[in-house]
Protein chains: 2
Amino acid sequence: MSDTAGGTRRRGRPSRTESAGTRDRILSAAREEFSERGYEKTSVRGIAKAAGVDPALVHHYFGTKEQVFEAAIEVAFAPALAAPETIGDGPLDTVGERLTRFFFGLWENPATRTPLLAIVRSALNNETAAAVFRRLIAAQLLRRIAAQLDLPDAELRAELAAAQLVGCAVLRYVIRAEPLASADPERIIARLAPVVQGHLTGP
Amino acid sequence: MSDTAGGTRRRGRPSRTESAGTRDRILSAAREEFSERGYEKTSVRGIAKAAGVDPALVHHYFGTKEQVFEAAIEVAFAPALAAPETIGDGPLDTVGERLTRFFFGLWENPATRTPLLAIVRSALNNETAAAVFRRLIAAQLLRRIAAQLDLPDAELRAELAAAQLVGCAVLRYVIRAEPLASADPERIIARLAPVVQGHLTGP
DNA sequence: GTCTATAAGACGATAGAC
DNA sequence: GTCTATCGTCTTATAGAC
């Protein structure tokens with residue numbers, strides 16, 4: 001019953017025999033490291049040092065480095081995948097604002113920003129992260145929004161809207177380019193919401 | 001008279017005693033490797049193998065790995081920095097189209113796309129590449145365009161326009177997300193030019 | 001559950017032969 | 001100008017003691 005390795009995967013089973021919060025400390029440290037340095041520059045040893053544990057423990061709990069990464073970004077899925085319901089409900093002529101606000105809500109919240117940073121910082125060089133990125137952006141957000149538009153270019157429209165938001169996230173949160181990085185979120189949203197709306201339902 | 005590199009740096013000096021195109025073969029291979037894998041995943045040994053030369057030769061010609069990277073992306077500067085002149089000249093109400101067309105001209109041309117890919121793929125994890133990225137995007141393109149707008153939010157406007165273009169480049173050329181990756185450039189430009197124009201001169 | 005010890009290898013960089 | 005040989009450091013990952 002408490003077989004930690006049973007089922008489809010052997011990870012993600014915090015059986016009651018493990019020490020207090022060691023697993024969570026590793027996971028938290030891993031998120032921090034991956035979000036700051038990206039996949040390649042992050043080392044298992046670095047994660048272990050940040051968590052104050054032995055490097056062998058990281059492998060003990062999660063397996064390979066890639067499995068550590070998967071576990072670290074897993075928490076980004078729940079909120080992001082819950083999005084389409086929230087955004088889809090409501091009048092179509094304000095969907096741009098709902099989508100933009102939802103997007104910045106994720107990035108302005110430190111708890112969700114960290115795994116997102118880890119994904120974005122790694123997505124350009126790591127195929128696993130790239131796949132996650134596509135799934136997060138394209139499959140979920142866009143297709144369900146595009147499905148509500150009965151225009152021929154619906155998917156392209158949705159993707160260009162996503163390009164605007166993603167580009168803004170890269171410049172503001174990753175590269176930290178000024179003055180965008182220090183601008184008030186509301187000012188950005190005020191400028192971006194109509195643009196996103198225009199992409200989706202404009203001429 | 002034939003000093004191509006001048007006196008400030010010791011690199012970039014293809015003295016007539018070196019073998020035919022060895023230096024260029026290394027440089028070309030380096031660009032390819034950096035553009036495909038990013039800075040961290042690219043190794044000096046990998047570059048040497050792709051160029052068909054000994055790894056020691058890479059160091060011999062360029063010094064450290066970082067100096068190889070700088071030499072590899074150097075060619076991206078000339079065309080990109082020549083941009084503001086071209087874009088700045090002309091009526092302000094079509095600057096969006098000129099900027100968008102110039103941007104896609106760079107990315108659709110394989111010769112300029114490769115070093116740009118190397119920069120973008122590395123900019124999120126490598127501080128050198130990030131600095132180049134900022135210089136390319138912010139300092140040159142934006143400030144000179146923003147200088148022509150006499151609006152209070154000029155710089156923020158220009159940066160959000162850049163965010164739209166950069167986001168599009170990331171999704172189309174780096175992540176290769178569909179349908180954007182396979183879309184006809186003219187269709188994308190037709191949708192993006194008005195948006196960029198709106199960012200710069202809109203309400 | 002936690003740690004020591006170590007395997008097995010890739011990496012950047014250099015010295016020096018030819 | 002080109003290559004061989006190598007140093008020293010880092011990495012992921014595992015086996016096994018406690």
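The sequence lines fix the lettering, A, B, ..., with proteins before strands; numbering per chain opens at 1. Keep in mind that this is a model prediction, so the values were computed, not measured.
In the set C/dA13, C/dT2, C/dC11, the nucleotide with an atom closest to the side chain of B/Thr64 is C/dA13. Taking only side-chain atoms of A/Ser43, from C-beta outward, the nucleotide of C/dC3, D/dG1, D/dT11 with the closest atom is D/dT11. You'll find that the side chain of B/Arg45 is closest to C/dA13, out of D/dT4, C/dA13, C/dT2. For B/His59, taking side-chain heavy atoms from C-beta onward, the closest of the listed nucleotides C/dA13, D/dC3, D/dA13 is C/dA13. Among C/dA15, D/dA15, D/dA13, the nucleotide with an atom closest to any side-chain atom of A/Lys65 is D/dA13. Here C/dC3 is the nucleotide among C/dC3, D/dT6, C/dT14 with the atom lying nearest to any side-chain atom of A/Leu57.
Of the side-chain N and O atoms in B/Tyr61, none sit less than 4.0 angstrom from OP1 or OP2 of D/dG1. The shortest distance between the side-chain N/O atoms of A/Thr22 and the OP1/OP2 oxygens of C/dT2 is below 4.0 Å.
In this structure, the NE2 atom of B/His60 is 13 Å from the C1' atom of C/dG16, given to the nearest Å. Atom CG in B/Asp54 sits roughly 10 Å away from atom P in D/dT2 (whole-Å rounding). Distance CZ (A/Phe69) to C1' (D/dA13): 20 Å, rounded to an integer number of Å. Straight-line distance from the OH atom of B/Tyr39 to the C1' atom of C/dC11: 12 Å, rounded to whole Å. Taking atom NZ on B/Lys49 and atom P on D/dT2, their separation rounds to 20 Å, with Å as the unit. Between the CD atom of B/Glu40 and the C1' atom of C/dG12 there is a distance of 13 Å, given to the nearest Å. A/Glu66 places its CD atom 9 Å from the P atom of D/dA13, with the value rounded to the nearest Å. When the P atom of C/dG12 is taken as reference, atom CD1 of B/Ile47 falls 8 Å away, rounded to whole Å.
Checking B/Glu32 against B/Ser28 by side-chain atom types alone, no donor-acceptor pair falls below 3.5 Å. Side-chain atoms of A/Gln67 and A/Tyr61 include no donor-acceptor pair closer than 3.5 Å. A side-chain N or O of A/His199 and one of B/Gln164 form a donor-acceptor pair less than 3.5 Å apart.
Looking at B/Leu136 and B/Phe77, their side chains come closer than 4.5 Å, going by heavy atoms from C-beta outward.
Classification of B/Arg187 and A/Asp153 as a salt-bridged pair holds, one side-chain N sitting under 4.0 Å from a carboxylate O. Using a cut-off of 4.0 Å between Lys/Arg side-chain N and Asp/Glu carboxylate O, B/Glu127 and B/Arg134 are scored as salt-bridged.
In the helix from C/dG1-D/dC18 to C/dC18-D/dG1, the rotation axis of the first five pairs and that of the last five pairs differ in direction by 0°, rounded to 10 degrees.
Applying the side chain to side chain donor-acceptor pair (under 3.5 Å) test to residues at least two apart or on different chains, none of the pairs has a partner in residues 110-124 of chain B.
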